[in-house]
Amino acid sequence: MTERIVVVGAALLDGDRLLAARRSAPPELAGRWELPGGKVEPGERPEEALVRELREELGVDARTVERVPGEWPLRPPYALQVWTARLEPASAAPAPLQDHDGLRWLTPGEIWDVDWLDQDIPAVREVATRLRAGERAGADAGEPPQAAAADRD
């Protein structure tokens, strides 16, 4: 039996915005959007791999916040795990350095405006649910209900 290999994905957040990265390769994935990340190397913790991958792919310094519940199967023997992450205060802005040719910060209302890779959709759905819950919590914390509703339109 082949041992499972964990692939980490970053739900990189800026306030309530999620970063999406457009693949440039391989040809069958080019032009579609994903959560940036990559394989966990032997002896590496998933959180360390995520920080390393974000530095390599986007040129940023980030910190992991929490694991998004769930694990999503990719082609065998790979499995996707996702963590929320935030940029460190002194980090550079994200840039598409490896494997990507475009980046977009998406608000909760824009998350489904891009063509996500099929394998990332369940994880993105979970992140979107969490962002929307945070948006509702903002309304509950004193934001006028009409303002909260207008933000979602």
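Quick caveat: nothing in here was measured; it's all calculated off a predicted structure.
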Interatomic distance, [X] atom [atom1] to [Y] atom [atom2] [nearest 0.5 angstrom]:
X	Y	atom1	atom2	result
Asp120	Trp33	CG	CH2	12.5 Å
Arg45	Leu50	CZ	CG	11.5 Å
Tyr78	Lys39	OH	NZ	4.0 Å
Leu87	Leu54	CG	CG	8.5 Å
Arg86	Ser91	CZ	OG	13.5 Å
Arg132	Asp16	CZ	CG	9.5 Å

Would you say that [X] contacts [Y] through its side chain, given a criterion of any heavy-atom pair below 4.5 Å between the two side chains?
X	Y	value
Gln81	Glu71	yes
Glu126	Val82	no
Leu18	Leu35	yes
Thr64	Thr84	no
Arg125	Trp112	yes
Ile111	Val124	yes
Asp101	Pro96	no
Leu19	Asp14	no

Candidate pair Arg52 and Glu57, rule salt bridge (charged side-chain N to carboxylate O under 4.0 Å, His left out), full reasoning: CA-CA 9 Å; Arg52 175 185 51 76; Glu57 290 187 6; over 6 Å; no

Please check this pair: side chain of [X] against backbone of [Y], looking for a donor-acceptor N/O pair closer than 3.5 Å.
X	Y	answer
Arg67	Gly70	yes
Thr107	Arg17	no
Arg63	Glu88	no
Arg23	Ala25	yes

Can you give me the closest heavy-atom contact between [X] and [Y], atom names plus distance?
X	Y	answer
Ala62	Leu12	CB-CD1, 4.4 Å
Trp116	Ile121	CB-CG1, 3.8 Å
Glu48	Gly43	OE1-O, 4.5 Å
Ala92	Gly59	CB-O, 3.8 Å
Arg55	Leu97	O-CD1, 4.3 Å

Could you please spell out the steps behind the side-chain contact (heavy atoms from CB on, under 4.5 Å) verdict for Leu106 and Val114? CA-CA 9 Å; Leu106 303 169; Val114 299; 4.0 Å; yes

side-chain contact (heavy atoms from CB on, under 4.5 Å) between Gln119 and Leu80: does it pass, once the steps are laid out? CA-CA 8 Å; Gln119 64 197 34; Leu80 176 65; 5.7 Å; no

What verdict does the side-chain contact (heavy atoms from CB on, under 4.5 Å) test give for Asp113 and Glu110, after you've listed the backbone C-alpha separation in whole Å, the side-chain angles of each residue and the deciding distance to 0.1 Å? CA-CA 5 Å; Asp113 290 355; Glu110 297 169 329; 3.7 Å; yes

Are [Y] and [X] co-members of a hydrophobic cluster defined by side-chain heavy atoms under 4.5 Å apart?
X	Y	value
Val127	Trp72	yes
Leu117	Leu58	no
Trp105	Val60	yes
Val68	Leu131	yes

Could you walk me through whether Arg22 and Asp115 pass the side-chain contact (heavy atoms from CB on, under 4.5 Å) check? CA-CA 9 Å; Arg22 188 175 58 211; Asp115 184 19; over 6 Å; no

